[in-house]
Amino acid sequence: MTGRFREYRHRDLPALGGLFARADAHDGAARALAPDAADELPLFAFAPRYPLGLERGLTREEVRSRLGSRLSEVERLVLVAAERAAVDACVTVFPAGSETSWMLDWVVDPGKREAVALDGIVQSGLNRIQHLASKGTRRVGDDAAPSGMRGAPATCRVEARGLREDGEVMAGLGRAGFQAVRTFVIMACELGRAPTAFGSRGAVPEGISLRTYRSGDAPAWIAAVNASFSDHWGGFSYSDESWARHANSPRFREEISVVAEAGGVFAGICHCAPSLNPKEKGLAHLHILGVHPDFRRRGLGTCLMLEAMDRLRENGFKRVELDMDSLNAKALPIYEQLGFREQEAITMYRREIAV
């Protein structure tokens, strides 16, 4: 089955668009970015149904920032299983920060899922990652060296994901050597039935005030986010450049992003983003919730969420979603008290490969 997959070519563009449209119509989930320009459509391969960190509705600008120098090589990151003028399946590989950490995703035509074997999909993606990663750096002892220098083979981490209840994906990834490492639960809250911040404003820790984001807040915001997630699994941070790109994108709106200010520094932030999918009007994503380590265990996270939910209601949003890491299970009772209920759960799988 791996032989059916080949590198994407620009002439595959219409057929690839048809594949994503059919998968979207069948599964009821927005997988693709709308094709505003023909040469940008391949980028929708990096907006799969189940992204982490609430990336649903991500913009082309964000895709560009994540791909960085690889944007010019985007076609090499997409494989297709094509028969005549149709594309039956698409495999995408995504460098998550370096050549040593990759994501693997795929989309299959709903009518061809019996014919396109999962084992072939996964192996094709792994082969492509090995090929691309081998052109990066190799390790000689503890020092990085350019490609082509002899030394011990480098290892590469590959992650894939699937619905927690999807036994077929679990079995297929297991056969390929993947192991489940954690689960992310997607939770949703109907804002019309959720509690408000009115009764909790007195619970805001002394010396801290809540307000929405303002122009000029970028330095304090970046510092707060980076400090809040410095001990987070997998790491998460913004640079001045990456935050400027995000703050200028359609996903950032000052009026629904809340900060907790304490003596000129930000003790915490709660950043909500509107869904850019026209099918999800009135939906927002709680994109980032972070509390600086110096201000934790005071109930500030709950106060930030309640304030953000009020701001969402004021701006016409009806529903808000968030992702909860299974390693942060202690947050579940708090989310449930605020009216959030589980919608679906995505399991992350991981394996190491030699390059």
Side-chain angles (χ1 to χ4, degrees), residues 53-54 185-232 236-238 243 246-247 251-274 282-325 327-342:
L54 289 173
V185 178
I186 298 174
M187 306 188 73
C189 174
E190 301 298 332
L191 290 168
R193 299 196 294 269
T196 69
F198 179 77
S200 66
R201 288 195 171 113
V204 177
E206 185 177 355
I208 297 177
S209 60
L210 304 183
R211 63 169 175 83
T212 53
Y213 186 96
R214 299 171 186 162
S215 176
D217 280 340
W221 178 279
I222 294 169
V225 171
N226 293 352
S228 300
F229 291 93
S230 61
D231 55 355
H232 187 265
F236 178 75
S237 64
Y238 275 109
W243 175 249
H246 181 72
R251 295 187 69 212
F252 184 72
R253 288 175 52 178
E254 295 182 357
E255 66 272 18
I256 57 174
S257 294
V258 177
V259 304
E261 192 170 21
V265 301
F266 288 173
I269 58 97
C270 186
H271 167 29
C272 296
L283 172 67
H285 304 298
L286 199 159
H287 186 52
I288 305 173
L289 174 66
V291 176
H292 192 287
D294 294 343
F295 295 90
R296 290 175 182 169
R297 296 181 175 84
R298 304 187 196 180
L300 185 55
T302 301
C303 293
L304 280 164
M305 288 185 66
L306 285 167
E307 186 71 21
M309 290 161 71
D310 272 4
R311 302 291 182 171
L312 289 170
R313 270 186 289 258
E314 291 170 4
N315 286 276
F317 290 91
K318 306 298 182 185
R319 178 182 172 94
V320 60
E321 293 184 353
L322 60 80
D323 284 1
M324 188 195 77
D325 187 340
L327 297 187
N328 189 27
K330 62 184 179 181
L332 180 60
I334 298 173
Y335 294 150
E336 290 179 336
Q337 288 176 6
L338 296 178
F340 285 86
R341 298 293 180 264
E342 179 177 332

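Quick note: numbers below take in every heavy atom, side chains included, and nothing from hydrogens, waters or symmetry partners.
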**Request:** List for me each residue that meets side chain to side chain contact (heavy atoms under 4.5 Å, CB included) alongside Ala223, sequence neighbours excluded, and say none if there are none.
**Result:** none

**Fill in**
Smallest heavy-atom separation, Met309 atom then Cys189 atom, equals CE-SG, 3.7 Å

**Item:** Derivation and outcome, side-chain contact (heavy atoms from CB on, under 4.5 Å), residues Glu336 and Arg341
**Value:** CA-CA 6 Å; Glu336 290 179 336; Arg341 298 293 180 264; 3.9 Å; yes

**side-chain hydrogen bond (donor to acceptor under 3.5 Å, both in side chains) partners of residues 186-195, not counting sequence neighbours, each pair once** = Glu190-Arg319

**Item:** Residues in ring-ring contact (aromatic ring centres under 6.0 Å, His included) contact with Tyr335, at least two apart in sequence or another chain
**Value:** none

Check: residues 259-274 side-chain donor-acceptor pairs under 3.5 Å, at least two apart:
unit_1: Glu261; atom_1: OE1; unit_2: Arg211; atom_2: NE; d: 3.0
unit_1: His271; atom_1: ND1; unit_2: Ser257; atom_2: OG; d: 3.0
unit_1: His271; atom_1: NE2; unit_2: His246; atom_2: NE2; d: 2.8

**Request:** Please list all pairs passing the salt bridge (Lys or Arg N to Asp or Glu O under 4.0 Å) test where one or both residues lie in residues 287-300, with sequence neighbours left out.
**Result:** Asp231-Arg296

**Request:** Verify side-chain contact (heavy atoms from CB on, under 4.5 Å) between Leu332 and Met187, making sure each step is shown before the conclusion.
**Result:** CA-CA 10 Å; Leu332 180 60; Met187 306 188 73; 3.6 Å; yes

**Closest approach of Val204 to Ile208 (non-hydrogen atoms, all atoms of both residues)** = CG1-O, 3.3 Å

**Item:** Distance in Å, Thr212 OG1 paired with Asp217 CG, rounded so as to fall on 0.5 Å steps
**Value:** 8.5 Å

**Prompt:** Taking only residues two or more places apart in sequence or in another chain, which ones pass side chain to side chain contact (heavy atoms under 4.5 Å, CB included) with Glu254?
**Reply:** Tyr213, Ser215, Phe252

**Complete:** d(Met305 CE, Leu338 CG) to nearest 0.5 Å is 5.0 Å

**Item:** Heavy-atom closest pair, residues Ala188 and Glu321
**Value:** CB-CG, 3.9 Å

**Item:** By salt bridge (charged side-chain N to carboxylate O under 4.0 Å, His left out) - contacts of Glu342 (at least two apart)
**Value:** Arg164

**Item:** Which residues share a side chain to side chain donor-acceptor pair (under 3.5 Å) with Glu255, sequence neighbours left out
**Value:** Arg253

**Nearest-0.5 Å distance, CD1 of residue Ile186 to NE2 of residue His285** = 9.5 Å

**Message:** Is the shortest side-chain heavy-atom distance between Phe340 and Ile334 below 4.5 Å?
**Reply:** no

**Item:** CD on Glu307 to OG1 on Thr196, rounded to 0.5 Å
**Value:** 10.0 Å

**Asked** Say you draw a straight line from CG of Leu191 to CG of Leu283; how long is it, rounded to the nearest 0.5 Å?
**Response** 9.5 Å

**From CZ (Phe317) to CD1 (Ile256), nearest 0.5 Å** = 4.0 Å

